[in-house]
Asks: 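Here it is, the structure, as structure tokens.
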Amino acid sequence: MTGELIIDGFMTGAQVIKLKNVSKIYQVGDQPVYALANITEHIKPGEYVAIMGPSGSGKSTLLNVLGCLLRPTEGSYQLNGQEINTLNDSELSKLRQSVIGFIFQSFHLIPRLTAAGNVELPMIFAGIAPQVRQQRVTQALEAVGLTARSHHRPDQLSVGQRQRVVIARATVMNPRLILADEPTGNLDSESGKQILGLLDQLYALGHTLIIVTHDINVAHRAERVLVISDGHIVQRTSSCNLTPESL
Amino acid sequence: MRVSDLMRLAMGTITTRPTRTALSLLGIAIGVITVILLTSIGEGTRRYVLSQFTQFGTNLLTITRGKTQTVGIPGVLGGTTHKLTIQDAQAIRQLDGIIRVVPVSVGNARVEAEGKGRSVSVFGITADMPEHWKFTVRSGRFLPPGDPFRRQSVAVLGPKLKTELFGNASPLGSFVRIAGYRFRIIGVMAPKGNLLGFDIDDAIYVPVASAMTIFNMDELMEIQVAFGFGHQLETIIQRIRERLMERHRGEEDFTIVTQAAMLETMDNIMQVITVAVAVIAGISMIVGAIGIMTVMWMVVRERTAEIGLLKATGATSGQIYQLFLCESVILATIGGGVGLAVGLSIVQILPTLIPGIPVHPHIHYVLAALCVSTLAGICSGFIPARYAASIDPVRALHTQ
Ligand SMILES: Nc1ncnc2c1ncn2[C@@H]1O[C@H](COP(=O)(O)OP(=O)(O)OP(=O)(O)O)[C@@H](O)[C@H]1O
Ligand SMILES: [Mg+2]
């Protein structure tokens, strides 16, 4: 089973992510557009990596490739030793279900469902029994401090609370890899800090965290920063060495 | 995914937009109502017609002039037609197993009395007619038994004709003129009502020989025959056919119509009508299905971002497909259920709104209507659901 494989990977400290010469090419008219160009990168389990770069440089594309939502046009992507190219669509779905949690800038909460209902969603599609789901929803909402808001619908929550529901949803399946695309982009600085605090907690719990951000203060929390420009990784640096000038 | 979760998720989206849900299933509901209503009327009519026929009993035969199977005009293209006569009727009466024979001659004539006149059907028959057709005499008596060749000038009135001519007064012993011939009234029939829209109360009954004189005819219109129970229908028909052919110089220039054959023909006609009506009504369900398909397209487009999210969190294309298909099937089934409830209610109250309308819901058509509506749901949900399943999650997450 994939699940065991992954846990083995984490136990042994092998690379969780191996990208080798990965390109993502979009055909716009006759012109090929290299959203990602020849990217080779390894990420270790439990690492906290920030991806930075100008708009249109390919940050989201990279995150979507890492999240198995996009297949690379060229190159190889191994997640926990599994070559993504060899998996079919429904195997990729299973992988996203059990290994990957997504946090979006614009939340993507389902408006007609309560906070609890939204958090429960990934478990429904995974076929988990209702009693187990109940328990895990409670835990996940407690972890983000929203126990009292579990029956509120998204429009009855502040934006900061919404993003906390998203974090609960992203972690409820206990995935090892958490991908966040500008998670604080729509938040005021106070709510942003809360969210970053929660991400720090996940990092402390051993989740591998990859976060796309424009904000240098956000990037400072990561161990490592990758700077992308025009689909290339132009800089790899420890976050302590990161200065506004280096971008 | 568990079936209960699938249903719950699909129901959730249906209940959040009640107005749109109602509108989308309206078409299917109307389709089902139409099918139930029309087939109930069809089935009711069929039963009504059958009951009208069987009220006379099933041991009856009718012998009519001419051979229905032969093509061509008898007497012109070879073969001579022999007239169906009172003698023929008497000969049939002699046969083993025959218990009653009524020679019948029918025409229309003006009946006058008390300065009033009315054009009605004149039945030339014999004393056995009331027993044969289960008619009863209300006052006076029916035509006397005896020699069918006797042209007695006595008549019995149908109740409607009696009221039209004599009002509340007793007509017994009075005289009427039928096409100028004078007849003495000896009885009035009890009301019988309509027979397939033909008012048999608006008639007058005279001896068959008298009727033939009035209409200047030398042959009967038909001979009514009743045979005893315990006799094989086929044997009886064979006996009658042999005897009549013998009398008609070997020509089979008559037709024996059995009650059973008549019933079967009527039943077939009515069934074909009911099925045709059901099919036409079923077509209205296509309109309903298109309604659901339109709504499902809207639903899928509106929820593109949601589909992207579900896929990102691990839902497979198959699960997305199931979810939307399930939604349209639920829509169609609710539509079918609403149509069923409303349709059957209308069938219940229709007779009080329109007295006398024959309605009878037929379980087969009711079930068929439900199946077709569910099928419509599957068909109309199929394409939108497939589209939903094929949505690219990255693009979908970009739409807002
Ligand atoms: N479906 C697509 N078809 C064609 N080109 C695309 C498609 N998706 C992305 N691109 C292109 O790929 C490049 C990288 O896009 P991407 O969304 O990854 O940028 P980004 O770094 O996330 O930008 P931002 O900071 O604005 O979110 C862009 O030039 C974009 O125009
Ligand atoms: Mg982006």
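Note that these values count all heavy atoms, side chains included, but never hydrogens, waters or copies made by symmetry.
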Asks: At a heavy-atom separation under 4.5 Å, does A:I128 approach chain B through its side chain, its backbone, both, or neither?
Replies: backbone
Asks: Considering non-hydrogen atoms only, spot the tightest contact between B:R2 and A:G127 and give its length.
Replies: NE-O, 3.7 Å
Asks: Is the CE atom of B:M7 crowded by more than 12 outside heavy atoms at less than 6.0 Å?
Replies: no
Asks: Can you check whether A:L121 reaches B:L310 side chain to side chain, under 4.5 Å on heavy atoms?
Replies: yes
Asks: Can you tell which part of A:A170 gets under 4.5 Å to a heavy atom of chain B, answering side chain, backbone, both or neither?
Replies: neither
Asks: Let me confirm one number: the OG1-NZ distance from B:T316 to A:K94, rounded to the nearest 0.5 Å.
Replies: 5.5 Å
Asks: Looking at every non-hydrogen atom in both residues, tell me the closest pair between B:A315 and A:S93 and how far apart they are.
Replies: O-OG, 3.6 Å
Asks: If you measure from the Lys or Arg side-chain nitrogens to the Asp or Glu carboxylate oxygens, is any gap between B:D5 and A:R133 under 4.0 Å?
Replies: yes
Asks: If I take atom CG from residue A:D89 and atom OG from residue B:S390, how far apart are they, to the nearest 0.5 angstrom?
Replies: 11.0 Å
Asks: Measure the spacing between CG of A:N118 and CG of B:L309 and express it to the nearest 0.5 Å.
Replies: 8.0 Å
Asks: Relative to chain B, which of A:S60, A:A129, A:G117, A:P175 shows the most heavy atom pairs under 4.5 Å?
Replies: A:A129
Asks: Let me know if A:I124 has heavy atoms under 4.5 Å from chain B in its side chain, its backbone, both or neither.
Replies: both
Asks: Can a donor-acceptor pair be found, under 3.5 Å and without considering hydrogens, that links the side chain of A:H108 to the backbone of B:L397?
Replies: yes
Asks: Is the count of non-hydrogen atoms from other residues, nucleotides or ligands lying under 6.0 Å from B:R386 atom CZ greater than 12?
Replies: no
Asks: Could you check which of B:Q319, B:R303, B:R8 has the highest count of heavy-atom pairs closer than 4.5 Å to chain A?
Replies: B:Q319
Asks: Once rounded to the nearest 0.5 Å, what's the spacing between atom CD of B:E306 and atom CG of A:L109?
Replies: 11.0 Å
Asks: Under 3.5 Å, is there a donor-acceptor pair between the side chain of A:R96 and the main chain of B:K311?
Replies: yes
Asks: Below 4.5 Å from any heavy atom of chain A, which atoms of B:L6 appear? Answer side chain, backbone, both or neither.
Replies: neither
Asks: Can you tell me if CZ on B:R301 sees more than 12 non-hydrogen neighbours from other groups inside 6.0 Å?
Replies: no
Asks: Tell me, for A:E120 versus chain B, whether the close heavy atoms (under 4.5 Å) come from the side chain, the backbone, both or neither.
Replies: side chain
Asks: How long is the straight-line distance from CG of A:L113 back to CG of B:L9, given to the nearest 0.5 Å?
Replies: 7.0 Å
Asks: If you count heavy-atom pairs under 4.5 Å between each of B:S317, B:G314, B:G12, B:P393 and chain A, which one has the most?
Replies: B:G314
Asks: Considering only heavy atoms, which portion of A:L69 lies under 4.5 Å from any heavy atom of chain B: side chain, backbone, both, or neither?
Replies: both
Asks: Using a cut-off of 6.0 Å, state whether more than 12 heavy atoms not belonging to A:D230 lie near its atom CG.
Replies: no
Asks: Tell me whether the count of non-hydrogen atoms from other residues, nucleotides or ligands lying under 6.0 Å of CD in A:E74 goes above 12.
Replies: yes
